[in-house]
Amino acid sequence: QVQLVESGGGLVQAGGSLRLSCAASGRTFSSYAMGWFRQAPGKERDFVAGISQNGGSTFYADSVKGRFTISRDNAKNTVYLQMNSLKPEDTAVYYCAADRRFPYISPGRYDYWGQGTQVTVSS
């Protein structure tokens, strides 16, 4: 059982930065791989970034590689998404998710989801 709460979203100009946080409550946070996904209005929920249980492996969608960085602090039960050089097309609701095995790119494979946080990038 894992409960996830995202925070850090907001309105930012193109080229700016935001850092999203996902705080987890549960006894075994370090046992879960974590992923970040985003969903724009009228669009499907897409993979953004993933990280393994110990943080040793990270994965990124091509659209954000080189601009976004995923990290985790298991002592704080928190996963982060640092977003730099933001573009208007990054505008979406961002969700974090947890899975016991692997940071899959498919959202259907995740066991737990947060409520989402809105990121809006203006031109």
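Residue indices begin at 1 and follow the sequence shown.
Residue Glu44 places its CD atom among 12 or fewer non-hydrogen atoms of other residues, nucleotides or ligands, all under 6.0 Å distant.
Smallest separation of non-hydrogen atoms from Val2 and Ala24: CG1-CB, 4.2 Å. The two residues Leu18 and Gly8 make their nearest non-hydrogen contact at CD2-O, 3.9 Å. For Met34 against Cys22, the heavy-atom pair with the smallest separation is CE-SG, 4.3 Å. The heavy-atom pair separating Gly9 from Thr117 by the smallest distance is N-OG1, 3.2 Å. Here the closest non-hydrogen pair linking Asn74 and Gln53 is ND2-O, 3.1 Å. A pairwise comparison of heavy atoms in Ile51 and Pro103 identifies N-CB, 3.7 Å as the closest pair.
When the side-chain contact (heavy atoms from CB on, under 4.5 Å) test is applied to Ser63, the partners found at least two apart in sequence or on another chain are Arg38, Ala61. Residues satisfying the salt bridge (charged side-chain N to carboxylate O under 4.0 Å, His left out) criterion with Lys65, sequence neighbours excluded, are Asp62. Take Gln82 and apply the side-chain contact (heavy atoms from CB on, under 4.5 Å) test, not counting sequence neighbours, and it matches Ser17, Arg19, Thr69, Asn84. Taking the side-chain contact (heavy atoms from CB on, under 4.5 Å) definition, one finds that Ser52 meets it with Asn54, Ser57, sequence neighbours left out.
Side-chain contact between Glu6 and Trp36 is present, with heavy atoms from C-beta onward closer than 4.5 Å.
Taking OG of Ser21 as the reference point, atom CG of Leu81 lies at 9.5 Å (rounded to 0.5 Å). In this structure, OG on Ser123 lies 9.0 Å from CD on Gln13, to the nearest 0.5 angstrom. Rounded to the nearest 0.5 angstrom, Ser106 OG and Asp46 CG are separated by 10.5 Å.
When atom types are taken as modelled, the side chain of Thr58 and the backbone of Ile70 share no donor-acceptor pair closer than 3.5 angstrom. Side-chain atoms of Arg67 come within 3.5 Å of backbone atoms of Ser85 as a donor-acceptor pair (strictly under, hydrogens ignored).
Sequence neighbours left out, not one pair with a member in residues 62-101 passes ring pair (Phe, Tyr, Trp, His ring centres under 6.0 Å). Pairs engaging residues 97-123 under the ring pair (Phe, Tyr, Trp, His ring centres under 6.0 Å) rule: Tyr32-Tyr112, Phe37-Tyr110, Phe37-Trp113, Phe59-Phe102, Phe102-Tyr104, Tyr110-Trp113 [sequence neighbours left out].
Using a 4.5 Å cut-off between side-chain heavy atoms of Ile, Leu, Val, Met, Phe, Trp and Tyr, with links allowed through other members, Ile105 and Val93 fall into the same hydrophobic cluster.
A side-chain contact (heavy atoms from CB on, under 4.5 Å) with Thr91 is found for exactly one of Val121, Val119, Val12, Leu86, namely Val121.
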